[in-house]
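Reviewing the structure listed below.
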Amino acid sequence: MKINRRRRLIKTFNLLDQPIRFNPFVFSRTFFMWALTGLVGGAIAGGYWIVLEYFTEFLLQFQGWMVIPTMAICGLLAGLVIHFIGDPGEIHLIVNNIRFNKGKLDPKNNPSMILSSLFCVASGGSLGPEAPLVQVTGSTGTWLGKIFRLKGEELRSLSIAGMASGFTALFGAPLGGSLFSLEILHHKHAVEYYRAIIPALVASCFSYVMFALIIHLGIGATWDLKAYHYSGVYDFIYAFLFGVVATIFGWIFIFVVKFFKKIFEYRQFPIYIKTLTGGIILGVIAYNFPITRYFGHHEINELINGNFALNFLIVVLVFKIIAIAVTVTSGWRGGFIIPLFFVGTTLGLIIHQLFPTVDTTLAIVSCMAAINACVTRTPMSTTIILGTLTGFTYFVPILFASLTGYFLAPKIPFIGSQSEKLSEE
């Protein structure tokens, strides 16, 4: 009995030695770190967006033939920034650092990424601001993680949370942005990084609120698609068939990119020569087909609301794919997600012109989903993001199209660092 009493006393004293915890909730100090990461990411995204809009409005003054020297000069300036300040890398470098560099994204490349991407996106390159935002906000997450003395998976999770805040600010979809930051890391059995889903969701929500406060963002669809009316189970078959067509063009896009990559890498010219050359080509395309200029945030609505002839849509489809490929391979900085949505929109309109009985909205959304899932290997987040951007609330047809693009994609991924992990430090 004395032994048992002594054990109870020792146990009581041990409990008294423990720090008293008054928090009865699930959240802890890590919640505030995720929230702070989201707030900082949203503020960065809001500031970047405001500067981008002002710069874009300034460059919009140069119309007609002036678009060619404008884009050429901006390409040259972007190349000079990269040459003298440093190469910020592209999306594959972000994926590699998250996977193989213990989740660390280096903030030292941010000035180069911000300046070069502003020249590229504002002048009319066929790449969007999502990749620069993800690089900057993700590296901000790494920087905050070092301030909080995080290591290992906690640091990696905070970097991913920073990436998610960047995606969310642009797409306006906290859940979609969170999933995208995880799915983009690798394409097969994508479960390894899902321990970061709660940090990514928290950061995304706070980033969305901050971004909305800065640019006065409302809630609602970005693109003006007509209301979709479900007509029966055959709509799922249509979504699959549209997905197959869009996946074929996803393959075409990948091969066109590889073709231009060989051309731009044929000789080892300085980066500013490549960006200058790319700017001239993009300027010529934009001069002849103004709707192909820029990354498509506003131009998608022009396509949807316009009454364009079939021949014109086919030409726009071809030259938009070429414009994206040239932008990607000539050293211009930006992301290709929204430009791929533009290609999907054009393809959906072409399908509707060929088969007038087809529901236009279903064709457009299915093509957008399939081509993006084919190239980026992100079927789940693509479905949610498109549902938010288009107001298309019937997720199942989009999911059918997304999975079609995902499973019919080339075995070797477009983003090389998404290939299977062989080893990890």
Side-chain angles (χ1 to χ4, degrees), residues 23 25-48 88-111 113-114 129-171 173-186 190-211 214 335 378 380-381 417-418 421 424-425:
N23 179 15
F25 306 109
V26 171
F27 72 81
S28 60
R29 79 180 186 97
T30 54
F31 171 88
F32 296 103
M33 288 192 295
W34 305 334
L36 178 62
T37 302
L39 290 172
V40 174
I44 292 171
Y48 181 93
E90 297 174 359
I91 190 68
H92 69 87
L93 180 61
I94 298 174
V95 175
N96 267 336
N97 284 337
I98 290 292
R99 293 179 59 188
F100 302 124
N101 193 30
K102 301 178 182 178
K104 299 175 184 177
L105 300 177
D106 198 344
K108 73 176 183 181
N109 296 322
N110 288 349
M113 175 60 87
I114 292 171
E130 61 269 23
L133 280 180
V134 168
Q135 163 69 33
V136 175
T137 56
S139 61
T140 301
T142 301
W143 175 69
L144 289 173
K146 290 180 179 178
I147 290 178
F148 293 124
R149 299 181 180 178
L150 300 183
K151 294 181 180 179
E153 290 305 320
E154 286 187 330
L155 178 61
R156 195 195 307 268
S157 293
L158 205 63
S159 298
I160 293 173
M163 291 171 57
S165 71
F167 277 124
T168 296
L170 179 64
F171 296 129
L175 181 56
S178 302
L179 287 175
F180 202 97
S181 67
L182 301 172
E183 277 192 298
I184 197 71
L185 294 178
H186 55 98
V191 295
E192 182 175 354
Y193 302 108
Y194 275 77
R195 68 189 74 184
I197 184 64
I198 298 300
L201 278 172
V202 172
S204 292
C205 289
F206 280 89
S207 171
Y208 180 78
V209 171
M210 178 60 74
F211 188 73
I214 292 174
T378 57
M380 291 184 291
S381 52
S417 50
Q418 285 181 326
K421 180 177 64 178
E424 183 159 351
E425 297 176 5

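Here the structure is a predicted model, which is why all the values come from computation and not from measurement.
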What one should report as the nearest heavy-atom pair of N110 and S139 is ND2-OG, 2.8 Å
On a heavy-atom basis, the closest approach of S207 and A169 is OG-CB, 4.0 Å
Partner of T37 under side-chain contact (heavy atoms from CB on, under 4.5 Å), picked from T137, I160, L158, is L158
Atom pair [atom1]/[atom2] of [X] and [Y] - distance to nearest 0.5 Å:
X	Y	atom1	atom2	result
I114	Q135	CD1	CD	9.5 Å
I214	Y48	CD1	OH	15.0 Å
I198	W34	CD1	CH2	7.0 Å
W143	I147	CH2	CD1	4.0 Å
I44	S165	CD1	OG	7.5 Å

Sorted by chain and residue number, the side chain to side chain contact (heavy atoms under 4.5 Å, CB included) partners of L39 (sequence neighbours excluded) come out as F206, M210
Side chain to side chain donor-acceptor pair (under 3.5 Å) filter on T168, not counting sequence neighbours, yields S204
Contacts of T140 meeting side chain to side chain donor-acceptor pair (under 3.5 Å) (sequence neighbours excluded), chain-then-number -> none
What verdict does the side chain to side chain contact (heavy atoms under 4.5 Å, CB included) test give for L179 and T378, after you've listed the backbone C-alpha separation in whole Å, the side-chain angles of each residue and the deciding distance to 0.1 Å? CA-CA 8 Å; L179 287 175; T378 57; over 6 Å; no
